[in-house]
There are 2 protein chains.
Amino acid sequence: MRQDNRMPRVLHALLHLDQMTDPATSDLLAGMLNTNAAVVRRTMAGLRDQGFVTSTKGHGGGWVLAKPLSEITLAGIYDALGAPKLFALGCGNEESHCLMEQAANAATAEALRVASETFLSVLSAITMADLARDYETRMKELGLNPDDYRFDASKIP
Amino acid sequence: MRQDNRMPRVLHALLHLDQMTDPATSDLLAGMLNTNAAVVRRTMAGLRDQGFVTSTKGHGGGWVLAKPLSEITLAGIYDALGAPKLFALGCGNEESHCLMEQAANAATAEALRVASETFLSVLSAITMADLARDYETRMKELGLNPDDYRFDASKIP
DNA sequence: AATCATGTAACTTTAAATGATTCATGATCC
DNA sequence: GGATCATGAATCATTTAAAGTTACATGATT
């Protein structure tokens with residue numbers, strides 16, 4: 001299957017949302033994420049259902065962050081995306097009648113299970129506020145002032 | 001992409017190989033693995049290159065285990081398969097100019113890196129002999145004697 | 001020489017995210 | 001109230017790599 005990039009995309013989108021003074025339209029976000037509005041709507045739908053963001057229709061509508069970044073963990077986002085399949089590796093058919101196949105599948109499954117546990121535990125220890133801090137660090141490393149880069153869509157000529 | 005099941009397949013194949021008295025043809029293995037000979041050859045090629053198995057052509061040819069199971073770790077097999085892509089999840093484009101995207105990608109990549117480390121460390125702690133023991137346990141749990149099930153292709157009528 | 005089995009290359013199939021398009025629905029502005 | 005804006009959703013095409021398939025050359029055994 002194709003690579004699933006929803007996770008980093010959504011993180012990226014949330015960081016931008018946090019810096020917006022007005023609701024961000026799907027089109028605007030799509031431009032930032034190098035994709036299109038339909039993908040944005042589809043991907044953000046889960047976050048809306050979980051209360052991380054809200055969306056409004058009509059003039060001046062769009063996406064708005066509904067919680068402070070410090071209250072959003074990466075694990076929460078992963079869940080909101082529907083806990084997408086993590087591995088490209090499979091562990092075979094579950095209901096095999098061959099006992100050797102069962103042993104082979106069980107060993108593979110166990111290694112994947114442990115790796116998945118690790119992954120989730122790392123995600124639950126990181127909040128979006130941590131990412132925002134990382135972003136600001138990157139800004140300063142380039143000698144830039146983050147305050148100069150907050151996004152005010154109403155100021156686009 | 002489609003699920004990658006080479007790992008559990010190869011483990012399964014090696015367990016069978018260990019119980020063979022004669023070389024196993026790709027066709028025989030394919031029957032055991034519910035696939036076809038070409039896939040078996042393709043998948044086992046890496047194991048041959050790493051010296052885990054040998055293959056011989058012609059009458060009576062086929063695949064033979066080249067090392068005791070206790071000297072084959074699952075990590076070694078994973079490597080022999082070319083260390084296939086582990087995750088279905090991606091961590092975005094590496095060379096993004098957007099610092100927010102960089103922060104989002106870095107966080108995702110870090111979680112994946114840690115999970116991958118865990119995966120490999122579990123694999124390196126398991127040998128094929130462990131799987132063989134697990135297989136024998138499963139046999140005994142069903143009240144069967146593993147010795148009755150060794151495979152002697154020459155005895156197929 | 002015939003047969004068997006691997007080695008390899010080329011092509012097709014498959015699954016799932018992503019890209020793209022369309023239309024209905026609701027909110028805002030004039 | 002009508003035009004416009006934006007989401008919600010459904011549908012269809014595209015993409016990607018493993019897996020399935022087919023074909024043929026090469027080498028070993030009988």
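Numbered from 1 within each chain, the chains take letters A, B, ... in sequence-line order.
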Counting N and O atoms only, with roles assigned by atom type, does the side chain of Ser116(A) sit under 3.5 Å from a partner on the main chain of Leu112(A), one being a donor and the other an acceptor?
no
Expressed in angstrom and rounded to an integer, what is the separation of Asp22(B) atom CG from dT29(D) atom P?
14 Å
Listed nucleotide nearest any side-chain atom of Lys57(A), set dA10(D), dA17(C), dG8(D)
dG8(D)
Here the distance between atom P of dT7(D) and atom CG of Leu17(A), to the nearest Å, is 11 Å
Which part of the nucleic acid does Asp4(A) contact within heavy-atom distance under 4.0 Å: base, sugar-phosphate only, or nothing?
sugar-phosphate
Base of dG19(C), side chain of Arg42(A) - is there a donor-acceptor contact under 3.5 Å?
yes
On the nucleotide dG7(C), are OP1 or OP2 found under 4.0 Å from the side-chain N or O atoms that Ser55(B) carries?
yes
Whole-Å distance between dA17(D) C1' and Met7(B) CE?
19 Å
Of Gly60(A) and Thr35(A), the one whose closest nucleotide on DNA chain C sits nearer the 5' end is Thr35(A)
Under 4.0 Å between a side-chain N/O of Thr25(A) and OP1 or OP2 of dT7(D), yes or no?
no
Arg48(B) side chain: which of dT8(C), dG19(C), dT21(D) is closest?
dT8(C)
Nearest-nucleotide pick for Trp63(B), side chain only, options being dA20(C), dA10(C), dT6(C)
dT6(C)
Arg41(B) side chain near dT6(C) phosphate (N/O to OP1/OP2, under 4.0 Å):
yes
Using a strict cut-off of less than 4.0 Å between a Lys/Arg side-chain nitrogen and an Asp/Glu carboxylate oxygen, indicate whether Glu110(B) and Arg113(B) qualify as a salt bridge.
yes
Find the distance Phe87(A):CZ to dA18(D):C1' and express it as a whole number of Å.
18 Å
Can you tell me if Asp130(A) uses its side chain to pair, donor with acceptor, with the backbone of Thr127(A) under 3.5 Å?
yes
How far apart are the closest heavy atoms of Met128(B) and Leu11(B), and which atoms are they?
CE-O, 3.5 Å
Closest approach of Ala75(A) and Leu120(A), non-hydrogen atoms and distance?
CB-O, 4.4 Å
Does a side-chain N or O of Arg9(B) approach OP1 or OP2 of dG20(D) to a distance below 4.0 Å, or not?
yes
Would you say Ser26(B) places a side-chain N or O within less than 4.0 Å of OP1 or OP2 belonging to dT6(C)?
yes
Whole-Å distance between dT22(D) P and Asn36(B) CG?
9 Å
Starting the side chain at C-beta, find the nucleotide from dT6(C), dA20(C), dT18(C) nearest to Asn5(A).
dT18(C)
Over how many whole Å does the gap from Gln3(B) atom CD to dT16(D) atom P extend?
20 Å
Counting heavy atoms from C-beta on, name the nucleotide in dC4(C), dT18(C), dT6(C) closest to the side chain of His59(B).
dC4(C)
Please state how far atom CG in Asp27(B) lies from atom P in dG20(D), giving the value in whole angstrom units.
14 Å
Ignoring hydrogens and angles, tell me if any N or O in the side chain of Glu101(A) forms a donor-acceptor pair with the backbone of Leu33(B) under 3.5 Å.
no
Asn34(A) CG to dG19(C) P, in whole Å, measures 9 Å
